[in-house]
Asks: 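Here's a structure for you.
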Amino acid sequence: MSDLALRGRIIEALADAPHVDVAEIAVECHDDGDVVLRGSVVNLLQRAEAVRTARGVPGVRAVDDQMRTRPLGADHRADAKIEGAVLDALILDDAVPAYGIDVDVDRGEVTLCGAVDGTCQRDAAERIALRVPGVSEVRNRLKVW
């Protein structure tokens, strides 16, 4: 099964999970069924259910939980959805290695941290993030190796 097909199955399963808001979670698949879950969730219950749900999808070999728990507040839902959308956009765009980029969102302002291979990737990551609905500003703190 292709990484894209597996990713789609995992997203469908997460959408059906009762305590999971799939819009807050980005799914990245690698060869042989290795899956990375990223994003911000409200509590440990949601986090555990997301991991358990992803593990239950046929074709998943291992799940790397890189989700963060962010306290519920007025801006949590909007920021978490923007974070998930930015991560998804980076994952789906082959111009940038998403695994090397951390995304943080505060009231629609996105901060990109991590390392990329060149200035082209650094600039591409910023352009990708700016295209995501809800993003008001991007602070590009990506380092070039």
Side-chain angles (χ1 to χ4, degrees), residues 1-73 75-106 108 110-135 138-145:
M1 170 183 329
S2 74
D3 291 345
L4 197 56
L6 181 58
R7 182 178 182 276
R9 289 173 128 186
I10 294 167
I11 290 170
E12 285 178 23
L14 290 172
D16 290 339
H19 300 288
V20 175
D21 185 347
V22 71
E24 297 176 354
I25 300 170
V27 178
E28 188 173 1
C29 296
H30 300 282
D31 298 333
D32 301 325
D34 290 340
V35 174
V36 180
L37 298 180
R38 297 175 65 191
S40 296
V41 294
V42 175
N43 56 42
L44 294 175
L45 171 66
Q46 185 181 20
R47 187 174 182 168
E49 186 165 342
V51 171
R52 185 173 46 254
T53 300
R55 280 188 184 135
V57 173
V60 172
R61 189 174 60 103
V63 175
D64 181 4
D65 173 10
Q66 294 184 9
M67 293 178 288
R68 295 179 292 172
T69 304
R70 183 192 303 229
L72 184 60
D75 296 321
H76 167 79
R77 289 269 184 232
D79 286 346
K81 287 180 181 182
I82 291 170
E83 180 181 344
V86 170
L87 286 166
D88 274 340
L90 291 168
I91 289 166
L92 292 173
D93 193 301
D94 292 335
V96 181
Y99 60 82
I101 300 175
D102 289 321
V103 176
D104 190 42
V105 181
D106 185 18
V110 173
T111 303
L112 303 174
C113 296
V116 292
D117 292 332
T119 55
C120 290
Q121 288 181 347
R122 183 180 192 278
D123 295 344
E126 184 173 342
R127 282 192 305 275
I128 291 165
L130 281 169
R131 288 193 304 248
V132 172
V135 172
V138 174
R139 290 186 203 103
N140 193 340
R141 297 194 175 136
L142 292 169
K143 305 283 186 221
V144 176
W145 287 109

Asks: How long is the straight-line distance from CG of Leu14 back to NE2 of His19, given to the nearest 0.5 Å?
Replies: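 Separation between the atoms: 13.5 Å.
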Asks: State plainly whether the residues Asp104 and Arg139 are in salt-bridge range, i.e. N to O under 4.0 Å.
Replies: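 No, no charged N to carboxylate O under 4.0 Å.
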Asks: Mind listing the closest non-hydrogen atom pair of Arg141 and Thr111 along with its distance?
Replies: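 Heavy atoms of Arg141 and Thr111 come nearest at NH1-CG2, 3.7 Å.
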Asks: Measuring from atom CG of Leu45 to atom OG1 of Thr69, what distance do you get when rounded to the nearest 0.5 angstrom?
Replies: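 Reported to 0.5 Å precision, the distance equals 10.5 Å.
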Asks: Going through the distances and angles, do Asp21 and Lys81 end up as a side-chain contact (heavy atoms from CB on, under 4.5 Å)?
Replies: CA-CA 9 Å; Asp21 185 347; Lys81 287 180 181 182; 3.3 Å; yes
Asks: From Ile101 CD1 over to Ile128 CD1, what is the distance, rounded to the nearest 0.5 angstrom?
Replies: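 Reported to 0.5 Å precision, the distance equals 7.5 Å.
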Asks: Grab the two heavy atoms, one from Ala129 and one from Val86, that are nearest each other, plus how far apart they are.
Replies: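 In terms of heavy atoms, the two residues are closest at CB-CG1, 4.0 Å.
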Asks: What is the minimum heavy-atom distance between Ile25 and Ala50, and which atoms define it?
Replies: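 Result for this residue pair: CD1-CB, 3.7 Å.
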Asks: Tell me the closest heavy-atom pair linking Glu49 and Ala17, and the distance in Å.
Replies: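 Here Glu49 and Ala17 meet closest at OE2-CB, 3.4 Å.
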Asks: Please identify each residue that fulfils side chain to side chain contact (heavy atoms under 4.5 Å, CB included) with Arg7, with sequence neighbours left out.
Replies: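 So Arg7 forms a side chain to side chain contact (heavy atoms under 4.5 Å, CB included) with Ile11, Val27, Cys29, Asp88, Ile91, Leu92.
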Asks: Let me confirm one number: the CZ-CZ distance from Arg122 to Arg127, rounded to the nearest 0.5 Å.
Replies: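 It is 11.5 Å, given to the nearest 0.5 Å.
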Asks: Go through the structure and list residues passing side chain to side chain contact (heavy atoms under 4.5 Å, CB included) with Ser2, not counting sequence neighbours.
Replies: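 Ser2 satisfies side chain to side chain contact (heavy atoms under 4.5 Å, CB included) with Leu4, Ala5 once adjacent residues are dropped.
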Asks: Distance-only, no hydrogens or angles: does the Asp65 side chain make a donor-acceptor pair with backbone N or O of Arg47 under 3.5 Å?
Replies: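 The answer is no, because no donor-acceptor pair under 3.5 Å joins these two groups.
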Asks: Do Val103 and Leu90 have side chains that get closer than 4.5 Å, going by heavy atoms?
Replies: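 Yes - at least one pair of side-chain heavy atoms lies under 4.5 Å apart.
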Asks: Hey, what do you get for CG (Leu37) to CG (Leu87), rounding to the nearest 0.5 Å?
Replies: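 Reported value, rounded in 0.5 Å steps: 11.0 Å.
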Asks: So, the side chain of Arg38 versus the backbone of Ala98: is there a donor-acceptor pair under 3.5 Å, distance only?
Replies: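 Yes; judged by distance alone, with no hydrogens or angles, the pair exists.
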Asks: Taking Asp102 for its side chain and Leu112 for its backbone only, find out whether a donor-acceptor pair lies under 3.5 Å.
Replies: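 No: the side chain of Asp102 does not pair with the backbone of Leu112.
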Asks: Closest approach of Ile82 and Gly134, non-hydrogen atoms and distance?
Replies: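 Distance-wise, the nearest heavy atoms are CD1-O, 3.4 Å.
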Asks: According to salt bridge (Lys or Arg N to Asp or Glu O under 4.0 Å), who are the partners of Asp106, at least two apart in sequence or on a separate chain?
Replies: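 None.
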Asks: List the atom of Ala54, the atom of Val63, and the distance in Å for their closest heavy-atom pair.
Replies: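 Reported closest heavy-atom pair: CB-CG2, 4.0 Å.
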Asks: Measure the spacing between CD of Glu83 and CZ of Arg68 and express it to the nearest 0.5 Å.
Replies: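 Interatomic distance, Glu83 CD to Arg68 CZ, rounded to 0.5 Å: 4.0 Å.
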Asks: Evaluate the side-chain proximity of Met67 to Val51: yes if any heavy-atom separation is below 4.5 Å, no if none is.
Replies: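 Yes, close enough: below the 4.5 Å cut-off.
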Asks: Assess the residue pair Gln46 and Glu24 against the criterion (side-chain contact (heavy atoms from CB on, under 4.5 Å)); give the C-alpha distance rounded to whole Å, side-chain angles, the decisive distance to 0.1 Å, and a yes or no.
Replies: CA-CA 10 Å; Gln46 185 181 20; Glu24 297 176 354; 3.5 Å; yes
